[in-house]
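Written below as structure tokens is the structure these notes are about.
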Amino acid sequence: MDKNYDFKIKEKKWQEFWEKEGVFRFDPGKKGKIFSIDTPPPTLSGKMHLGHAFSYTHQDIVARYHRMRGKNVFYPFGVDNNGLPTEKLVEKINNIRLHDVGRKNFIELCRKTIKEILPDFIADWKNIAMSCDFSNIYSTISPQVQKMSQEYFIELFQNKRVYKKYAPVLWCPECQTAIAQADLEDKKTNSKMYDIEFKTNDEKRFIISTTRPELLSSCVSVFVHPDDKRYSSLSGKIVTVPIFSQKVIILKDKKVDPKKGSGAVMCCTFGDTTDIDWYFRHKLPQRLSVEKNGRLNDLAKEFGGLKLKMARQGIIEKLKKEGLLKKETDIVHTVNVHERCQTEIEILSCSQWFVKYLDLKKEFLAQSNKLKWYPPYMRKRLDNWIEGLRWDWCISRQRYFGVPIPVWHCKNCQKAVLPEISDLPVDPLHSNPKRKCECNGNDFIPEGDVLDTWMTSSLSPQIALSMIKDKKKQNKMLPMSLRPQAHDIINFWLFYTLARSYLHFKKIPWGDVMISGFVLDSKGEKMSKSKGNIVEPRVILEQYGADAMRCWASQSSPGDDLCYSEQEVKIGKRTIIKIWNASRFCLAHLKNYKPKNSDIYSLADEDKWILTKLYRTTEEYIKRMEKYEYAGAKLALDNFFWKDFCDNYLEIVKLRVYENKDEKNFRAAQFVLYTTLYSVLKLYAPIMPHITEEIYQEYFKALEKEKSIHLTKFPKLNKKLCFFAIARKFDLVIDAIAQIRKYKSAHNLSVNAEVDKIIVKTKNKSKLKKYLFLLCRMMSIKTIEIM
RNA sequence: GGGCGAGUAGCUCAAUGGUCAGAGCACUACAUUCACAUUGUAGGGGUUACAGGUUCGAGUCCUGUCUCGCCCACCA
């Protein structure tokens, strides 16, 4: 073995080897119980961020662990490259806006851009040593996936779970599309509360408070609290809205908070969700003055055509001039913004497609309860979300690059006409139905909207399994074993997948759910471009390598956030070097050694001690890993490897391997070095796949049939190599060694310094006696007295 | 406002209700041929956020308080 381990050369070498040899290719016919993973298909973006490197490492450790436990692991890989996120990326890269270039050109540009950036993007996942089957990567915009997405849409349509309706919807004026409840985010904003004077028909003046004076033209009523005595005489009266002069009625509703502002509030169609509620409950008229492009329309009179912010300024100025603006107060309040672009959302009425599921909350909660959550408390997040659902799922997007909604509308009777399954995928804009409408009509208006990207990615279990040719096998693999993902998309991807699985199959999509936390910067703050505290995985890989990065990532438990610390990546690198050097020592004494079972009859007590510790460590490691506690498993292994094996056992065994006097005794030591080192490597393999592969190939491969350490199985827990009583006795020797080291350290002596006589204090005089000779030789002491 | 989680050494975190609460990092001292200075040995460092309670025994269980983080709701 070389003196130094060069990760830059070796990591690349083994990644290429795994790929070339198809080490992680899935073979449905292979022996072993299947362990299937619903890998999160990363959303296509320029490059991987550290949060990805972190959470994908966790799932990869799990995949590698189960593979080495003898399971047949199905670990697919896909890329989510359709819909709004991809469109936003393409707009950014090419510095264009979708509506400016037109549908055809934009879709072409999307395809071209994806083709250019996809290989580099996928390479990032290979570089962190994901053990996915990369021989067959799915893409959510591929014709096959589009076909599936449309097919399942049609199924929902036929089951009356999907409907189109003219209704108030959440709207992003920036992206110019309807969005869903899940796409909202909170944002704290500095704003102003304006007190504006209204006047009733009989000239009574009163104040309403609003943060959105630009919606005055949309005002359809004024609300006060039923018990608010200040306004009891006003209710039922007609008021005139300032500037726009529409007459509206004053109504009572308990939702009004008398303490807020003046206690009187205007209701607009639509300012917020309360307005929608009032619109339906009080059967109010609609006055929609906000257009889809975020500008006011003619209802806003001279402010028509202005963007909302400009309109607000103009309206405020006019109110001031007319003496109707009584007060401005600075406030900080939270507004809903679109998660993809941070633009404040509007509510407007238009025709959209929805998945009807609000009636299924109870069923969804029951499904959530059937899942095994790691950590368990994450379930509450989902349950909370399900309980708080208020809108059916709006699934249509007024965008271009996505899965088209496979529907035509009959011009004659307005009915929706759907394609045949065998004709999928279709783009209604470029094809016609193959048969006439039921009404005999033959003229159609194609549906131009595309599906919400989550409509497709919520089918990830089906998409992943569709890559397995054997249909029977596919069905048997549902539910899948595990969904690993980060906690930020529990409300999106996890929920939607659970919902789809229930709607289509009445099944849970997977048995286990493992949730990863976030990566924070060294100060515990979120990483963001604006703060300039982003750490790129590429930089870490370049400097310390993938194994070191994985070593860092594996110290956090499921659900826990982790602060990035370069110092801790360095510890990962140190561990790798330690493994390398310990292996060099062991292998130097294992030349031409072939393990024989008979060697165990000559085991010395120190051998039995370390083998027992190994047994216990392996047991603990497996126990932890089965519960997805990779951090705990690693901790147990680190302690064993560093302290028990390197610091103590290797130091003790040196006497024997260097002097090499007794053949049997020597072979026993070799047996232990072989067994322990090999076990340590295997147990480290899921966490640090490259260094362990390198040492396996260097030595163990010649004695094994598997072409990669990652295809070998973990050491079996063998009771024959477990000697609890002797190990307990030998702990006294370890204690004595510690005492002697302490003495030498206190007297500024080197560990090897010769000492004439040392007195060791112990309660187990008789037990320790047996080991005095060993202690003397190991610690360079002439005589030891025990007390 | 509702829900969830966390609070243990300077920092990052361990610890089935059961020995004197442990590691790593950082700090200090010492040690250099023999796997490894990308090292080893040792040392200092604690009112386990606070206040009660249950128990033979509490970092761990219960109640309350405080602080921080996250999710959801509110958004006039």
Side-chain angles (χ1 to χ4, degrees), chain A residues 1 3-5 181 184 186-189 191 193-194 208-213 215 219 222-223 255-257 260-268 271-275 278 331-336 344 375-390 487-488 490-491 517-518 520 522 524-526 544 548 552 555-557 559-563 565 567-568 570-589 631-632 635-636 638-639 642-643 646-647 650-651 654 657-658 737-738 740-753:
Chain A
M1 276 172 86
K3 186 149 197 252
N4 294 311
Y5 171 74
Q181 190 182 347
L184 297 180
D186 284 356
K187 194 179 176 186
K188 268 200 172 174
T189 325
S191 181
M193 179 79 91
Y194 301 96
I208 69 108
S209 306
T210 182
T211 53
R212 303 201 60 189
L215 291 181
C219 177
V222 170
F223 278 92
K255 267 201 172 177
V256 179
D257 179 358
K260 219 163 193 176
S262 64
V265 52
M266 65 170 183
C267 170
C268 307
D272 59 34
T273 48
T274 313
D275 288 347
W278 283 336
I331 56 160
V332 177
H333 73 157
T334 319
V335 291
N336 279 138
E344 290 184 28
Y377 64 77
M378 283 293 177
R379 192 188 125 202
K380 277 275 175 189
R381 290 266 184 107
L382 180 65
D383 293 358
N384 239 354
W385 175 253
I386 294 171
E387 281 159 11
L389 281 174
R390 303 171 51 164
H487 65 68
D488 55 330
I490 291 177
N491 302 343
F518 270 158
L520 306 171
S522 53
E525 287 181 38
K526 267 191 186 169
Y544 301 103
W552 160 76
Q555 62 177 327
S556 117
S557 298
D560 283 355
D561 294 341
L562 184 62
C563 296
S565 142
Q567 189 64 241
E568 283 168 17
K570 282 183 187 165
I571 294 168
K573 202 178 168 195
R574 257 182 43 188
T575 309
I576 292 158
I577 293 163
K578 191 79 178 172
I579 292 173
W580 183 251
N581 284 316
S583 300
R584 277 177 57 210
F585 173 81
C586 295
L587 299 188
H589 301 287
L635 191 68
D638 282 341
N639 280 334
W642 214 292
K643 293 202 150 87
C646 292
D647 291 351
L650 290 188
E651 292 306 324
K654 273 177 185 171
V657 295
Y658 283 132
I737 290 171
I740 296 164
R741 281 172 177 164
K742 205 167 170 175
Y743 173 87
K744 288 193 175 179
S745 183
H747 292 80
N748 294 349
L749 295 167
S750 87
V751 182
N752 297 326

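In the text below, chain A, chain B and the rest are named by the order of the sequence lines, each starting its count at 1.
- The side chain of A:M193 sits closest to B:A76 out of B:C70, B:C30, B:A76.
- Nearest nucleotide to the A:I571 side chain, out of B:C36, B:G24, B:A31: B:G24.
- Between A:R741 and B:G40, a side-chain N or O to OP1/OP2 separation shorter than 4.0 Å is absent.
- Between A:L520 and A:E525, every side-chain heavy-atom pair lies at or beyond the 4.5 Å cut-off.
- Within 4.0 Å (heavy atoms only), A:C646 reaches at least one base atom of the nucleic acid.
- Side-chain atoms of A:K744 come within 3.5 Å of backbone atoms of A:A753 as a donor-acceptor pair (strictly under, hydrogens ignored).
- Annotation: side-chain hydrogen bond (donor to acceptor under 3.5 Å, both in side chains) contacts of A:N581 (sequence neighbours excluded): A:R584.
- Within the nucleic acid shown, A:S745 comes within 4.0 Å of at least one base atom, counting heavy atoms only.
- Across B:A76, B:C72, B:A14, the shortest atom-to-atom separation from the side chain of A:W385 is found for B:C72.
- Within the structure, every side-chain polar atom (N or O) of A:N491 is placed at least 4.0 Å from both OP1 and OP2 of B:C71.
- Proximity of A:Q567 to the phosphate of B:A26: a side-chain N or O atom is located under 4.0 Å from OP1 or OP2.
- B:A37: no Watson-Crick or G-U partner with both key distances under 3.5 Å is found in any strand.
- Across all strands shown, nothing is found opposite B:U32 as a Watson-Crick or G-U wobble partner with both distances under 3.5 Å.
- Taking a pair to require two hydrogen-bonding distances under 3.5 Å in either a Watson-Crick or a G-U wobble arrangement, B:U60 remains unpaired.
- A:K260 comes within 4.0 angstrom of a nucleotide base, judged by non-hydrogen atoms across all strands.
- Using Watson-Crick or G-U wobble geometry with both donor-acceptor distances under 3.5 Å, B:A76 finds no partner in any strand shown.
- Counting only heavy atoms from C-beta on, A:K526 has its side chain closest to B:C71 among B:G24, B:C71, B:A14.
- Put simply, the side chain of A:T189 gets close to the backbone of A:K187: a donor and an acceptor are under 3.5 Å apart.
- Taking side-chain N and O atoms only, A:T273 has a distance below 4.0 Å to OP1 or OP2 of B:C74.
- Under 4.0 angstrom from either OP1 or OP2 of B:A73 there lies at least one side-chain N or O belonging to A:Q181.
- Residues A:F585 and A:V657 are in side-chain contact: their nearest non-hydrogen atoms beyond the backbone lie under 4.5 Å apart.
- The residue A:D257 sits close to a base: some heavy atom pair falls under 4.0 Å.
- Contacts of A:K255 with the nucleic acid, taken as non-hydrogen atoms under 4.0 Å apart, are absent.
- Contact annotation for A:N384: base contact, defined as any heavy-atom pair under 4.0 Å involving a base atom.
- For the pair A:K380 and B:G2, the criterion of a side-chain N or O lying under 4.0 Å from OP1 or OP2 is not met.
- Residue A:W642 places at least one side-chain N or O under 4.0 Å from the OP1 or OP2 atom of B:G40.
- If you check every strand for non-hydrogen atoms under 4.0 Å, A:N336 touches a base.
- In this model, the phosphate group of B:G43 is approached by a side-chain N or O of A:K742 to a distance below 4.0 Å at OP1 or OP2.
- Going from atom OH of A:Y743 over to atom C1' of B:C30 covers 15 Å, rounded to whole Å.
- Among the atoms of the strands shown, only primed sugar atoms or phosphate atoms (P, OP1, OP2) are found under 4.0 Å from some heavy atom of A:R390.
- Base-pair partner of B:C11: B:G24 (Watson-Crick or G-U wobble, both distances under 3.5 Å).
- Between A:K744 and the phosphate of B:A29, there is no side-chain N or O to OP1/OP2 separation shorter than 4.0 Å.
- Remark: B:A49 base-pairs with B:U65; criterion is Watson-Crick or G-U wobble with both hydrogen-bond distances under 3.5 Å.
- When rounded to the nearest whole Å, the span between CG of A:D488 and P of B:C4 equals 21 Å.
- Considering only side-chain N and O atoms, A:T274 lies nowhere under 4.0 angstrom from the phosphate OP1 or OP2 of B:A76.
- One N or O on the side chain of A:S209 and one on the backbone of A:S262 form a donor-acceptor pair closer than 3.5 Å.
- Residue contacts shown for A:S583 are absent, as no nucleic acid heavy atom lies under 4.0 Å away.
- Computed from coordinates, the A:L520 CG to B:G69 P distance equals 11 Å when rounded to whole Å.
- Within the structure, every side-chain polar atom (N or O) of A:H747 is placed at least 4.0 Å from both OP1 and OP2 of B:A42.
- In the set B:U39, B:C74, B:A76, B:C74 carries the atom at the smallest distance from any side-chain atom of A:D186.
- A:D272 has its side chain out of reach of A:R212: every pair of non-hydrogen atoms, C-beta onward, lies at least 4.5 Å apart.
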